[in-house]
Amino acid sequence: MAKPLLIFVILILSLIFSCSATNYIVGDSSGWDISTDLDTWLVGKKFNVGDVLVFQYSSFDSVSEVTKENFEGCNMSNVLDLSKNGNTSFPLTKPGDRYFVSGNRLHCLGGMKLHANVENDIAASPAAAAAPEAEAGASFPSSKSNNPSVVPSFALSNHVGLDSLLLITLGLLSLAISLV
């Protein structure tokens, strides 16, 4: 009885750790805004296949996915994807570099642009393959206003924290040990 239970616990734990795609709110509570320090926001972040970048911005702006060349020069011609709805998600479906710029060229020149290096994390790959694919440019309910202090309620629960996973792991292990 104990051996099948232990195998079951290990299987559950492997699923928990392999199904941990993350929705990143670009700029966190400040959103996609000229006042947001996106270079600082990027520090320590590792984007994997299956993650989603969520851009929240006012009605005065937009977000475009562009090529590396257009990114470097803030060139707004021949964009790969464009959204102006105030709340846009870009699923990271394959490894490689992704480039995003503000639709306002002056904002882009002022630093409102984002380079995301997407890695093919082996642990995240099965989750990305099994998860339904979000449509590029898809939107969430808009919550970004001209007041950058507004934080949508779903932004607070997008990340499955390591502390939560640790508590689940310890709980399952204690359950398994108590049944042995």
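- Note: the hydrophobic cluster containing V101 also contains L82 (ILVMFWY, side chain heavy atoms under 4.5 Å, direct or indirect links).
- We find the CG-CG distance between L80 and N70 to be 8.0 Å, quoted to the nearest 0.5 Å.
- Distance check: L53 CG to L114 CG gives 6.5 Å after rounding to the nearest 0.5 Å.
- In this structure, F100 and F90 have tilted ring planes: the angle between them lies in the 30° to 60° band.
- Ring pair F47/Y24 is perpendicular by interplanar angle, where above 60° counts as perpendicular and below 30° as parallel.
- Across every non-hydrogen atom of V26 and L38, the tightest pair is CG1-CD2, 3.8 Å.
- When all heavy atoms are compared, the tightest approach of T36 to G31 is OG1-O, 2.9 Å.
- Between P95 and E119 the shortest heavy-atom distance is CB-C, 4.3 Å.
- Contact check for K84 versus S59: no side-chain heavy atoms found under the 4.5 Å cut-off.
- When side chains are defined from C-beta on, E65 counts as touching R98, because their heavy atoms get closer than 4.5 Å.
- The distance from atom CG of D33 to atom CG of D61, rounded to the nearest 0.5 Å, is 7.5 Å.
- Taking the centre and axis of the six-membered ring of F71, the NZ or CZ atom of K113 falls inside the cone set by 45° and 6.0 Å.
- There is no side-chain donor-acceptor pair under 3.5 Å between S102 and Y57.
- Looking at residues two or more places apart in sequence or on another chain, you find no salt bridge (charged side-chain N to carboxylate O under 4.0 Å, His left out) involving E72.
- Across all their heavy atoms, L42 and H115 have their closest contact at CD1-O, 3.8 Å.
- Here the straight-line distance linking atom CG of N85 with atom OG of S62 works out to 10.0 Å at 0.5 Å rounding.
- Not counting sequence neighbours, N104 has no partner by the side chain to side chain donor-acceptor pair (under 3.5 Å) test.
- Atom NZ of K68 is surrounded by 12 or fewer heavy atoms from other residues, nucleotides or ligands within 6.0 Å.
- Across N87 and Q56, no two heavy atoms sit closer than the pair OD1-CG, 3.3 Å.
- One distance of note links OG1 of T67 with CG of N78; it measures 8.0 Å at 0.5 Å rounding.
- Closest approach of S89 to V52, counting heavy atoms only: CB-CG1, 3.6 Å.
- Checking W41 against D28 by side-chain atom types alone, a donor-acceptor pair falls below 3.5 Å.
- Inter-residue side-chain proximity for N120 and V49 is flagged as met; some heavy-atom pair is nearer than 4.5 Å.
- No side-chain donor-acceptor contact under 3.5 Å links D51 to the backbone of A21.
- Within the model, atoms OG1 of T22 and NZ of K45 stand 10.5 Å from one another, a figure rounded to the nearest 0.5 Å.
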